[in-house]
A.B. asks: 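Structure in structure tokens, see below.
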Amino acid sequence: MFEFDFTFGKEQIVAANRVLTFRPRLALLVAVCAVMLEESIRLHSLLLAGLMFAVAGIVLGIFVLLERISLKNSMSALSGSLDQTVHVTLHETGIKVTMSKPGQYDIHNERDWNAIRAVWESEKYYFLFVSQSEFYTLTKKRMVTGTPSDCTQFLKIKIGKKYKRRIAL
């Protein structure tokens with residue numbers, strides 16, 4: 001059994017925003033730049049290579065701007081969820097999530113492992129995807145029971161091919 005205790009806040013929103021919006025686009029940009037460079041070398045055109053990298057730089061700047069806009073929108077949309085206390089337990093049969101805000105609500109949600117569509121891991125986080133629009137961002141340093149390496153092995157066993165070591169945040 002592995003447990004995480006944290007207060008939902010900007011850290012979780014920033015991590016989720018990066019993994020869901022910016023990082024995949026950045027990977028695509030790097031791949032496009034590599035293809036453009038290879039084509040420029042093939043054509044022996046340094047001018048074309050310079051032009052392509054200038055365009056790539058502008059696109060990267062746009063991606064950074066979009067990430068900031070997306071983060072601002074996420075913070076605004078989730079402002080009511082900020083400062084709620086979250087307790088997540090990963091156990092043999094599934095995942096249990098308790099979210100509460102003193103004097104306002106106390107929500108309990110339990111899912112079996114079949115309901116988890118994917119798990120992504122980064123250096124600092126686990127992202128457990130329940131649906132296209134519902135996921136949990138678990139900060140490894142907020143783990144109160146177990147160790148990250150043991151949790152990773154546990155998730156690999158429970159999730160199988162749906163587990164991915166994805167990104168560095």
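Numbers here simply count residues along the sequence, with the first being 1.
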A.B. asks: Do Ile107 and Leu128 sit in the same hydrophobic cluster, where Ile, Leu, Val, Met, Phe, Trp and Tyr count as joined when their side-chain heavy atoms come under 4.5 Å apart?
C.D. replies: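 Linked within one cluster.
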
A.B. asks: Without hydrogens or angle criteria, can the side chains of His87 and Thr85 be said to hold a donor-acceptor pair below 3.5 Å?
C.D. replies: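 Thr85 and His87 do not have a side-chain donor-acceptor pair below 3.5 Å.
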
A.B. asks: Does either side chain, that of Glu110 or that of His91, offer a donor lying less than 3.5 Å from an acceptor on the other one?
C.D. replies: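 Their side chains do contain a donor-acceptor pair, which is all the 3.5 Å distance test asks for.
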
A.B. asks: Which value, rounded to the nearest 0.5 Å, describes the distance between Thr137 atom OG1 and Arg142 atom CZ?
C.D. replies: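 Going from OG1 on Thr137 over to CZ on Arg142, the span is 13.5 Å.
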
A.B. asks: For a quick test of reading the model, state the closest non-hydrogen atom pair linking Arg111 to Val130 and the distance between them.
C.D. replies: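 That closest heavy-atom pairing would be NH1-CG1, 2.9 Å.
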
A.B. asks: Checking Phe2 now: which residues fulfil ring pair (Phe, Tyr, Trp, His ring centres under 6.0 Å) with it, not counting sequence neighbours?
C.D. replies: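 Here the qualifying residues are Phe154.
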
A.B. asks: CE/Met1 to OG1/Thr145 distance, rounded to the nearest 0.5 angstrom?
C.D. replies: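 That separation rounds to 5.5 Å.
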
A.B. asks: Given side-chain contact (heavy atoms from CB on, under 4.5 Å), test Val86 with Val97 step by step and report yes or no.
C.D. replies: CA-CA 7 Å; Val86 182; Val97 180; 4.3 Å; yes

A.B. asks: List the residues meeting side chain to side chain contact (heavy atoms under 4.5 Å, CB included) with Lys156, not counting sequence neighbours, and say none if there are none.
C.D. replies: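 Expected list: Thr152, Gln153, Tyr163.
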
A.B. asks: Any side-chain heavy atom of Trp113 within less than 4.5 Å of one from Thr93?
C.D. replies: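 A side-chain contact under 4.5 Å is absent here.
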
A.B. asks: Atom CG in Leu138, atom NZ in Lys124: separation rounded to 0.5 Å?
C.D. replies: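 Answer for the CG-NZ pair, Leu138 versus Lys124, is 15.5 Å.
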
A.B. asks: Can you tell me how far CG of Asn109 sits from CD1 of Ile95, rounded to the nearest 0.5 angstrom?
C.D. replies: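 One finds 8.5 Å between CD1 of Ile95 and CG of Asn109.
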
A.B. asks: Within 45° of the axis and under 6.0 Å from the centre of the six-membered ring of Tyr126, does NZ or CZ of Lys140 qualify?
C.D. replies: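 The answer is yes; both the distance and angle limits are met.
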
A.B. asks: Would you name the heavy atoms of Glu3 and Thr89 that are closest together and state the gap between them?
C.D. replies: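 Shortest heavy-atom separation between Glu3 and Thr89 comes out as OE2-OG1, 3.7 Å.
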
A.B. asks: So do Phe129 and Trp120 actually touch side chain to side chain, heavy atoms under 4.5 Å?
C.D. replies: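 Yes, their side chains come closer than 4.5 Å.
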
